Amino acid sequence: MSLLLDNEFKPLPPDKCVDTEAFLEAVSHLPSFFDCLGSSVFAIIKADITGNITKIKTAYLKDPQKFVTLQDLLISEREAQADKWPLVGATLALMWLKRGLRFIQILLQSLADGERDANNPNSIRVNVVKAYEQALKRYHGWLTQKLFSMALLAAPCRSNFLKALSKGEDVGEEDCLAKVRQFLENFTPTVDAIYEMYTKLNAELSYTV
Ligand code: 03F
C-alpha cells in the first residue's frame with residue numbers, strides 16, 4: 001500500500017491549463033481515503049466526490065483528443081448547451097469537485113502550518129472548521145451545514161488522521177507533514193488554476209444546496 005500523498009499532482013504548465021487525463025488520474029486516488037475514516041457520513045462525501053469525478057471522466061472519454069485540458073471540456077459544453085451552461089455536465093461537476101479540493105487544500109495547509117487548538121492539540125477541529133468556512137459553507141443551506149456538523153463530530157483525531165494519510169504505514173508525524181507540504185506544491189497551484197478558469201469563463205455559480 002502506498003502513501004496517499006505519493007499520488008502527486010503534475011506540475012502546472014506555464015499556460016496554467018490543467019491536463020484532463022493527468023488530473024483525473026490524480027483525483028482518482030482521493031475517494032479511497034474516506035474508507036479509513038469509519039463513519040457513514042464519510043460515505044456521503046465519498047459518493048459526492050466519486051460522482052463528480054465520474055461525470056468529468058464520462059465527458060472526457062467522449063473525445064479524449066479534443067478535451068486535452070479541463071478548459072477544452074468547459075468551452076465545448078458552453079458551445080453545445082449555451083442555454084443551460086454552466087449548470088451542465090462536467091462544468092457543474094468540476095465546479096463542485098474543485099470546492100472539495102479547496103477544502104482538502106486548506107485543511108492540509110493548516111495542518112502543515114501547525115495551526116492547533118492549544119487546549120486540544122490532538123484535535124483537527126480548528127483546521128476542519130477553517131477549511132469548511134473558506135471553501136464550502138457559503139454554498140450550503142442549513143441542512144447540509146448540519147451534515148457538516150455530524151462529519152465534524154465523526155472526524156478523527158490528529159494522529160489518526162495523519163496515520164490515515166499514510167495508509168497505516170509506519171511513518172512519523174514529521175515525515176508525514178513533510179509529505180503533506182510536498183503534495184501541496186503541485187496540488188495548490190492546480191486548484192488555484194481551476195478557480196481562475198471558472199472566474200475567467202464566468203462559470204462560477206453561488207446557489208446553495
Ligand atoms: C452539492 C454538495 N456537494 C452535496 O449536496 C453535499 C454533500 C455532503 C457535504 C457534507 C459536508 C461535509 C464537509 C466535510 C467535513 C469533513 C470532515 C473532515 C474530516 C477529516 C453537488 O453536490 C454535486 O456534487 C454535483 O455533482 C451536482 O450536480 O446542485 C450538484 C447539483 O450538487 C458538496 O458540497 C461538495 C462536498 C465536498 C466535501 C469534501 C470534503 C472533503 C473531506 C475530507 C477530506 C480529507 C482529506 C483527504 C486528503 C487526501 C490527501 C491526499
Side-chain angles (χ1 to χ4, degrees), residues 2-9 25-59 77 84-112 122-167 176-177 179-188 190-191 203-209:
S2 77
L3 200 66
L4 187 63
L5 298 160
D6 283 342
N7 298 301
E8 284 193 31
F9 282 65
E25 209 305 295
V27 290
S28 72
H29 299 283
L30 296 177
S32 70
F33 174 78
F34 294 95
D35 299 335
C36 355
L37 293 181
S39 170
S40 55
V41 68
F42 294 113
I44 301 175
I45 299 172
K46 181 183 175 182
D48 189 75
I49 293 179
T50 309
N52 286 330
I53 295 172
T54 305
K55 285 178 202 170
I56 300 164
K57 194 168 189 172
T58 305
E77 288 191 341
K84 288 184 253 144
W85 193 87
L87 207 61
V88 291
T91 306
L92 184 60
L94 183 60
M95 187 188 306
W96 281 98
L97 180 62
K98 78 178 184 354
R99 293 169 183 167
L101 298 180
R102 180 68 94 201
F103 175 95
I104 292 171
Q105 178 226 322
I106 296 171
L107 172 60
L108 293 179
Q109 187 66 58
S110 173
L111 287 165
N122 198 27
S123 162
I124 57 170
R125 195 185 166 93
V126 287
N127 318 92
V128 172
V129 168
K130 178 182 184 182
Y132 184 66
E133 286 180 347
Q134 293 187 12
L136 288 168
K137 192 176 180 186
R138 83 189 69 154
Y139 306 109
H140 288 169
W142 71 269
L143 192 63
T144 314
Q145 290 190 18
K146 271 261 173 315
L147 206 58
F148 167 74
S149 307
M150 282 171 61
L152 188 58
L153 289 175
C157 64
R158 191 170 185 280
S159 45
N160 283 347
F161 181 77
L162 295 179
K163 199 178 277 175
L165 286 179
S166 315
K167 289 208 170 167
C176 183
L177 288 175
K179 282 274 185 194
V180 167
R181 289 185 195 101
Q182 191 189 323
F183 175 80
L184 289 170
E185 272 178 32
N186 289 339
F187 185 61
T188 302
T190 301
V191 179
E204 187 66 47
L205 297 173
S206 59
Y207 71 93
T208 58
V209 292

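The first residue of the sequence shown is numbered 1, and numbering continues consecutively from there. Any value given below was found using the heavy atoms of this structure, including those in side chains, with hydrogens, waters and symmetry copies removed. One-based numbering, in listed order, for ligands and for the atoms of each. Please read these numbers as outputs of a predicted model, since none were measured by experiment.
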If you measure from each non-hydrogen atom of [X] to ligand 1, which part falls under 4.0 Å: side chain, backbone, both or neither?
{"X": "L30", "result": "side chain"}
{"X": "H140", "result": "side chain"}
{"X": "Y139", "result": "neither"}
{"X": "H29", "result": "neither"}

Can you figure out which of [options] has its heavy atom closest to [atom]?
{"atom": "atom 32 (O) of ligand 1", "options": "F9, W96, F183", "result": "W96"}
{"atom": "atom 8 (C) of ligand 1", "options": "L147, T50, D48", "result": "L147"}
{"atom": "atom 17 (C) of ligand 1", "options": "V128, L108, L184", "result": "V128"}

Legend entry - Any N or O of Y132 closer than 3.5 Å to N or O of ligand 1: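 It does not: no N or O of Y132 is found under 3.5 Å from an N or O of ligand 1.
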Legend entry - Min N/O separation T144 to ligand 1 under 3.5 Å: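 The answer is no, given that T144 and ligand 1 share no N or O pair closer than 3.5 Å.
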Legend entry - Salt-bridge contact E8-K179 (side-chain N to carboxylate O under 4.0 Å): no
Inset, instruction - Name the closest protein heavy atom to atom 29 (O) of ligand 1, giving the residue it belongs to and the distance to 0.1 Å. - result: Y207 OH, 2.6 Å
Does ligand 1 have any atom that is closer than 4.0 Å to a heavy atom of [X]?
{"X": "I45", "value": "yes"}
{"X": "K55", "value": "yes"}
{"X": "F187", "value": "no"}

Inset, instruction - Return the minimal non-hydrogen interatomic distance between P156 and L37, and the atom names on each side. - result: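 Looking at all heavy atoms of both residues, the closest pair is CG-CD2, 3.7 Å.
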Hey, is the main chain of [Y] close enough, under 3.5 Å, to the side chain of [X] for a donor-acceptor pair?
{"X": "Q145", "Y": "H140", "value": "yes"}
{"X": "T58", "Y": "T54", "value": "yes"}
{"X": "Q109", "Y": "L184", "value": "no"}

Inset, instruction - Could you tell me whether K57 atom NZ has more than 12 heavy atoms of other residues or ligands within 6.0 Å of it? - result: no
